[in-house]
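Okay, structure first, notes after.
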2 protein chains.
Amino acid sequence: MELILAVKRLSALAQPARLSVFRFLVKAGPQGAAAGDIARALEITPNTLSAQLNVLANAGLAISRRDGRSIIYTADYDSMSQLLVYLMEDCCQGRPEICSPLADVAARAACCDRPQGALS
Amino acid sequence: MELILAVKRLSALAQPARLSVFRFLVKAGPQGAAAGDIARALEITPNTLSAQLNVLANAGLAISRRDGRSIIYTADYDSMSQLLVYLMEDCCQGRPEICSPLADVAARAACCDRPQGALS
DNA sequence: TTATTAATTCCATAAATTTGGAATTATGGA
DNA sequence: TCCATAATTCCAAATTTATGGAATTAATAA
């Protein structure tokens with residue numbers, strides 16, 4: 001990942017309404033949520049939300065598809081993990097004592113591969 | 001972590017110069033780097049850098065200490081991992097197929113606990 | 001004390017972002 | 001076709017952010 005792309009994604013997330021929207025999408029999972037439902041749930045006017053969704057989509061953090069009159073948005077998990085990897089890069093230098101907090105992050109992310117709550 | 005604090009930290013990282021500085025500090029490790037050295041390395045004027053470092057420090061992502069005439073900055077690994085955890089929260093829902101890319105992130109972060117390059 | 005180096009704060013300009021009202025486009029039902 | 005709903009785009013005002021020149025504070029050496 002390039003610096004500029006990382007900045008674009010971080011900028012997209014660095015705004016209260018947009019971070020709320022992104023987390024809403026993350027929680028919504030692969031089936032996503034319609035723009036109107038997001039607007040109602042988070043109490044954002046439709047035109048403002050549209051602008052915000054556009055920023056997220058442009059940064060590659062959200063994906064849209066039409067379903068009838070609605071447009072459904074989903075979070076892009078791939079892009080998010082690219083960004084996380086970029087932020088973590090070169091943090092360890094092979095020295096566990098430097099960034100042990102990040103090992104905890106890893107343990108939490110590992111929820112997908114293990115029974116819930118089992119931190120190794 | 002609160003939404004507003006997460007936004008503050010994301011905003012601090014969402015700027016090319018500051019993201020460069022943060023990554024520079026991450027790579028510098030616990031001994032950190034003097035403001036002047038950062039300015040020279042990244043070719044940022046001292047007063048502008050000072051403002052940027054202030055934003056990072058205010059967001060809790062950098063810590064400063066004086067050493068003689070110099071002020072040494074270090075990355076705060078704890079704050080960074082808090083932020084990463086916040087971004088990952090509720091992404092898995094116990095369904096591995098949803099966020100398998102995040103499992104890869106976990107594997108990389110796990111470099112601290114394993115021989116380099118050994119992704120399980 | 002005086003000079004030098006390191007870093008910061010002050011300040012003003014330039015640039016970018018956020019927001020919502022109004023108008024517009026797209027879909028589906030009567 | 002005509003109407004209602006869903007979402008978007010356009011636009012302009014208000015706010016926020018970034019930048020660097022100049023002055024200031026802090027530490028050390030002569």
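Small disclaimer: the values here were computed from a predicted structure and weren't measured. Below, chains carry the letters A, B, ... as their sequence lines are ordered, and counting in each starts from 1.
If you check residues 32-48 of chain B against DNA chain C, the residues with a heavy atom closer than 4.0 Å are B:Ala34, B:Ala35, B:Gly36, B:Pro46, B:Asn47, listed by number. The stretch residues 51-58 of chain A has no heavy atom under 4.0 Å from DNA chain D, so no residue of it qualifies as close. Residues from residues 16-25 of chain B lying near DNA chain D, meaning a heavy-atom separation below 4.0 Å, are B:Arg18 in numerical order.
Between the side chain of A:Tyr73 and the backbone N or O of A:Leu56, no donor-acceptor pair lies under 3.5 Å. When atom types are taken as modelled, the side chain of B:Thr48 and the backbone of B:Ile44 share no donor-acceptor pair closer than 3.5 angstrom.
For B:Arg40, the side chain to side chain donor-acceptor pair (under 3.5 Å) partners at least two apart in sequence or on another chain are B:Asp37. In this structure B:Arg65 satisfies the side-chain contact (heavy atoms from CB on, under 4.5 Å) test together with B:Ile72, B:Thr74, sequence neighbours excluded. Residues passing the side-chain contact (heavy atoms from CB on, under 4.5 Å) test with A:Ser50: none are found, sequence neighbours excluded. Looking at residues two or more places apart in sequence or on another chain, you find a side-chain contact (heavy atoms from CB on, under 4.5 Å) between A:Asn47 and A:Thr45. Listed by chain and residue number, B:Asn58 satisfy the side-chain contact (heavy atoms from CB on, under 4.5 Å) test with B:Asn54 (two or more places apart in sequence, or in another chain).
Between A:Arg66 and A:Ile71, the shortest heavy-atom distance links the atoms NH2-CD1, 3.9 Å. In this structure, A:Gly60 and A:Asp76 approach most closely via the heavy-atom pair O-CB, 3.3 Å.
Rounded to whole Å, the distance from CD on A:Gln15 to P on D:dT17 is 11 Å. Spacing between atom CD1 of A:Ile72 and atom P of D:dA7 amounts to 8 Å, rounded to whole angstrom units.
Between chain B and DNA chain C, the heavy-atom contact criterion of under 4.0 Å yields a 5' to 3' nucleotide range of C:dT4 to C:dT9.
Axis angle, first five pairs versus last five pairs of the helix from C:dT1-D:dA30 to C:dA30-D:dT1: 20°, rounded to 10°.
Side-chain heavy atoms closer than 4.5 Å link hydrophobic residues (I, L, V, M, F, W, Y) into clusters, and following such links, possibly through other members, connects A:Leu5 to A:Leu87. Note: the hydrophobic cluster containing B:Val55 does not contain A:Leu3 (ILVMFWY, side chain heavy atoms under 4.5 Å, direct or indirect links). Cluster membership check: B:Ile4 shares its hydrophobic cluster with B:Leu84, using side-chain heavy-atom separations under 4.5 Å among Ile, Leu, Val, Met, Phe, Trp and Tyr.
The CG atom of A:Asp78 sits 12.5 Å away from atom CG of A:Leu83, with the distance rounded to the nearest 0.5 Å. The CD1 atom of A:Ile63 lies 10.5 Å from the OH atom of A:Tyr77; values are rounded to the nearest 0.5 Å.
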Can you give me every donor-acceptor pair (side chain of residues 8-25 of chain B, partner residue at least two apart or in another chain, under 3.5 Å) with its distance?
{"unit_1": "B:Arg9", "atom_1": "NE", "unit_2": "B:Ala59", "atom_2": "O", "d": "2.8"}
{"unit_1": "B:Arg9", "atom_1": "NH1", "unit_2": "B:Ser79", "atom_2": "O", "d": "3.4"}
{"unit_1": "B:Arg9", "atom_1": "NH1", "unit_2": "B:Gln82", "atom_2": "OE1", "d": "2.9"}
{"unit_1": "B:Ser11", "atom_1": "OG", "unit_2": "A:Ala14", "atom_2": "O", "d": "3.4"}
{"unit_1": "B:Ser11", "atom_1": "OG", "unit_2": "B:Val7", "atom_2": "O", "d": "2.8"}
{"unit_1": "B:Gln15", "atom_1": "OE1", "unit_2": "B:Ala17", "atom_2": "N", "d": "3.0"}
{"unit_1": "B:Gln15", "atom_1": "OE1", "unit_2": "B:Arg18", "atom_2": "N", "d": "3.0"}
{"unit_1": "B:Arg18", "atom_1": "NE", "unit_2": "B:Ala12", "atom_2": "O", "d": "2.6"}
{"unit_1": "B:Arg18", "atom_1": "NH1", "unit_2": "B:Gln52", "atom_2": "OE1", "d": "2.9"}
{"unit_1": "B:Arg18", "atom_1": "NH2", "unit_2": "B:Ser11", "atom_2": "O", "d": "3.1"}
{"unit_1": "B:Ser20", "atom_1": "OG", "unit_2": "B:Pro16", "atom_2": "O", "d": "2.9"}
{"unit_1": "B:Arg23", "atom_1": "NE", "unit_2": "A:Tyr86", "atom_2": "OH", "d": "3.1"}
{"unit_1": "B:Arg23", "atom_1": "NH1", "unit_2": "A:Tyr86", "atom_2": "O", "d": "3.0"}

Q.
For a quick check, with a 4.0 angstrom heavy-atom cut-off, what is the B/S/- contact string for nucleotides 25-30 of chain D, read 5' to 3'?
A. -SBBS-

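Within the 4.0 angstrom heavy-atom criterion, base atoms lie near B:Ser50.
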